[in-house]
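So that the names make sense, note that chain A is the first sequence line, chain B the second, and so on, each numbered from 1.
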2 protein chains.
Amino acid sequence: MSPTTETLTAERILEATEEVLRRHGPAKATVVDVARALGVSHGSVYRHFRTKAALREAVTQRWLDRTAAALAGFVTEERDPEARLRDWLRGLFDAKRHKACDDPELFATFSVLTGENSGVVDQHIAELTAQLAEIVRDGVARGAFTAGSDPAVTARAIFQATGRFHDPAYAGEWRRPGVEEEFAAVVDLLMRGLRAADGGA
Amino acid sequence: MSPTTETLTAERILEATEEVLRRHGPAKATVVDVARALGVSHGSVYRHFRTKAALREAVTQRWLDRTAAALAGFVTEERDPEARLRDWLRGLFDAKRHKACDDPELFATFSVLTGENSGVVDQHIAELTAQLAEIVRDGVARGAFTAGSDPAVTARAIFQATGRFHDPAYAGEWRRPGVEEEFAAVVDLLMRGLRAADGGA
DNA sequence: CAGCTGACAGAATTCAATATCTGTCAGCTG
DNA sequence: CAGCTGACAGATATTGAATTCTGTCAGCTG
């Protein structure tokens, strides 16, 4: 009765766990459900993940890593740093907003998971701000930006200042009319603060 | 047995309700408790507030109004607009942070209340951004700021960009070492974006 | 013998019975 | 008679007994 006869891998378990979470939600997804979906006993799942918490953490990490990977492209491009920075911020906002608006239940599920796994989230945020710092550093090197002192500090400030447009806590606001304008206003203000004093004029 | 023999006023009920909330927390504070604290029957409380929700809403508003009033001073001062803006933002951050750190339980209670009363909170935020807009408008008039288009839009952007330092959702972060620097970095970036192009040089 | 199974103990959740609370109102009281 | 009381009905919350889940492990299977 197994869905497939492939060997049981961590990857397949993660896949099944995501599916179970999608179907049952975070409160009712059990590891027995996951095992059933894979056609194995739940004891087998524990061979790959020490605890249910570890399994959920791994799913969370996978999810967050996908987002980070999608944004990495903007970092290495050969283009105007300000444009790249704007695109990166917009990319993050759009990605989150689409997830939140297209499938609110799934998004709520992952909001619960991220709430449970602050360590993984901290790591994710560190990765994102590192990407931002890279763009800022490049902008400073090219004379497009004036980063106060440390690009990493500036990057963190940019990330925090735009929190309303990527922190799941604010997901409810992303449907409201006017968010677009609010996003633009915040980004514009930040970009003006970031531009080199000579203004590129 | 009444604590006092004064007539029962809305004000006295609000006072007692705050006390009951402080003692019992938001989940266990009942209107019977409030009535008992005042030495009256709970029916009397309903003479002044149609529902328990209305009572809690009024308490919430009182609480938020106090914060807003404390900041209003910075708006009308005759000083460098940038300094006033910085002081206003710091004032908001310090006020919230002290409330959150000095009495975490009470702060949690009010976080629950604000979560219940989004209408009142929206009004409070509108008032705060109006104060900000006033400072921005003044700064533009004096040639200290370049507000992109509408001071109100800029004010909203400033408020949202500093959300991490006043939104109760982030209260947990306010104890961490480094918040001070993060706050400074965000505010500096915003101030640079706000300053007139001539830089006041 | 590497990997899986399924019975098991203790932890966590559900559910229904019970207790408490909200909001109303007829009547009391000063 | 303006304002308060307290009994009441329906709604909500609490409790603890019964179910379900997690995590382990001795033994089965290919």
Side-chain angles (χ1 to χ4, degrees), chain A residues 1-60 105 108-109 112-113 115-117 120, chain B residues 1-60 105 108-109 111-113 115-117 119-120:
Chain A
M1 282 314 142
S2 350
T4 75
T5 317
E6 299 170 56
T7 51
L8 189 58
T9 73
E11 185 60 23
R12 282 188 64 219
I13 293 174
L14 289 176
E15 207 84 53
T17 306
E18 259 194 52
E19 182 54 24
V20 168
L21 281 165
R22 198 184 305 273
R23 278 222 165 82
H24 297 27
K28 293 191 180 168
T30 73
V31 353
V32 173
D33 290 331
V34 173
R36 187 166 27 239
L38 289 162
V40 300
S41 87
H42 74 281
S44 301
V45 172
Y46 281 98
R47 180 159 296 281
H48 295 267
F49 296 93
R50 275 205 320 293
T51 64
K52 181 189 187 182
L55 176 56
R56 288 167 82 116
E57 184 175 283
V59 169
T60 308
E105 276 189 50
T109 293
V112 171
L113 289 186
E116 280 170 6
N117 297 285
V120 171
Chain B
M1 281 318 140
S2 352
T4 75
T5 317
E6 299 171 57
T7 51
L8 189 58
T9 74
E11 185 61 23
R12 283 188 62 220
I13 294 174
L14 290 175
E15 208 84 54
T17 306
E18 259 193 53
E19 182 54 24
V20 168
L21 281 165
R22 197 184 307 270
R23 279 224 166 81
H24 297 27
K28 293 192 180 166
T30 72
V31 352
V32 173
D33 290 331
V34 173
R36 186 163 31 238
L38 289 162
V40 299
S41 88
H42 75 281
S44 301
V45 173
Y46 281 98
R47 180 159 297 281
H48 294 266
F49 295 93
R50 275 205 321 291
T51 64
K52 182 189 188 183
L55 176 56
R56 290 179 155 230
E57 184 175 283
V59 169
T60 308
E105 276 190 49
T109 293
S111 293
V112 171
L113 289 185
E116 281 171 4
N117 297 286
V120 171

* Asked: Taking the side chain as C-beta and beyond, is there a heavy-atom pair between Thr17(B) and Val45(B) under 4.5 Å?
  ->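 Answer no - side chains too far apart.
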* **N-O pairing of Arg22(B) and Glu19(B) below 4.0 Å** => yes
Point-to-point distance, once rounded to the nearest 0.5 Å, from [atom1] of [X] to [atom2] of [Y]:
X        : Y        : atom1 : atom2 : answer
Glu57(B) : Thr51(B) : CD    : OG1   : 8.0 Å
Lys52(A) : Leu55(A) : NZ    : CG    : 9.0 Å
Leu8(A)  : Arg47(A) : CG    : CZ    : 10.0 Å

* To do: Scan Val31(B) against the nucleic acid and name what it touches under 4.0 Å (heavy atoms): base, sugar-phosphate only, or nothing.
  => sugar-phosphate
* Asked: Hey, is the main chain of Ala29(A) close enough, under 3.5 Å, to the side chain of Asp33(A) for a donor-acceptor pair?
  -> no
* **Arg56(A) side-chain N/O to Asn117(A) backbone N/O, donor-acceptor pair under 3.5 Å** =>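 Not at all, since once roles are kept as given, no pair shorter than 3.5 Å links the two residues.
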* Asked: For the residue pair Pro26(A) and Thr109(A), what are the closest heavy atoms and their distance?
  ->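 So the two residues come closest at CD-OG1, 3.3 Å.
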* To do: Compare every heavy atom of Ala10(A) with every heavy atom of His48(A), then report the nearest pair and how far apart it is.
  =>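 Minimum heavy-atom contact is ND1-N, 3.8 Å.
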* Nucleotide-level pairing of DNA chain D, given in dot-bracket where Watson-Crick and G-U pairs need both distances under 3.5 Å and | marks other strands -> ||||||||||||||||||||||||||||||
* To do: Enumerate the residues from residues 40-52 of chain B whose closest heavy atom to DNA chain D is under 4.0 Å, giving them by residue number; use none for an empty result.
  => Val40(B), Ser41(B), His42(B), Gly43(B), Ser44(B), Arg47(B)
* Nucleotide range of DNA chain C contacted by chain A, 5' to 3', under 4.0 Å to a heavy atom? -> dG3(C) to dA7(C)
* To do: Please say which of Leu38(A), Val31(A), Val40(A), Val59(A) ends up in a side chain to side chain contact (heavy atoms under 4.5 Å, CB included) with Ile13(A).
  => Leu38(A)
* By nearest nucleotide on DNA chain D, pick out whichever of Lys28(B) and Leu8(B) is the more 5' one. => Leu8(B)
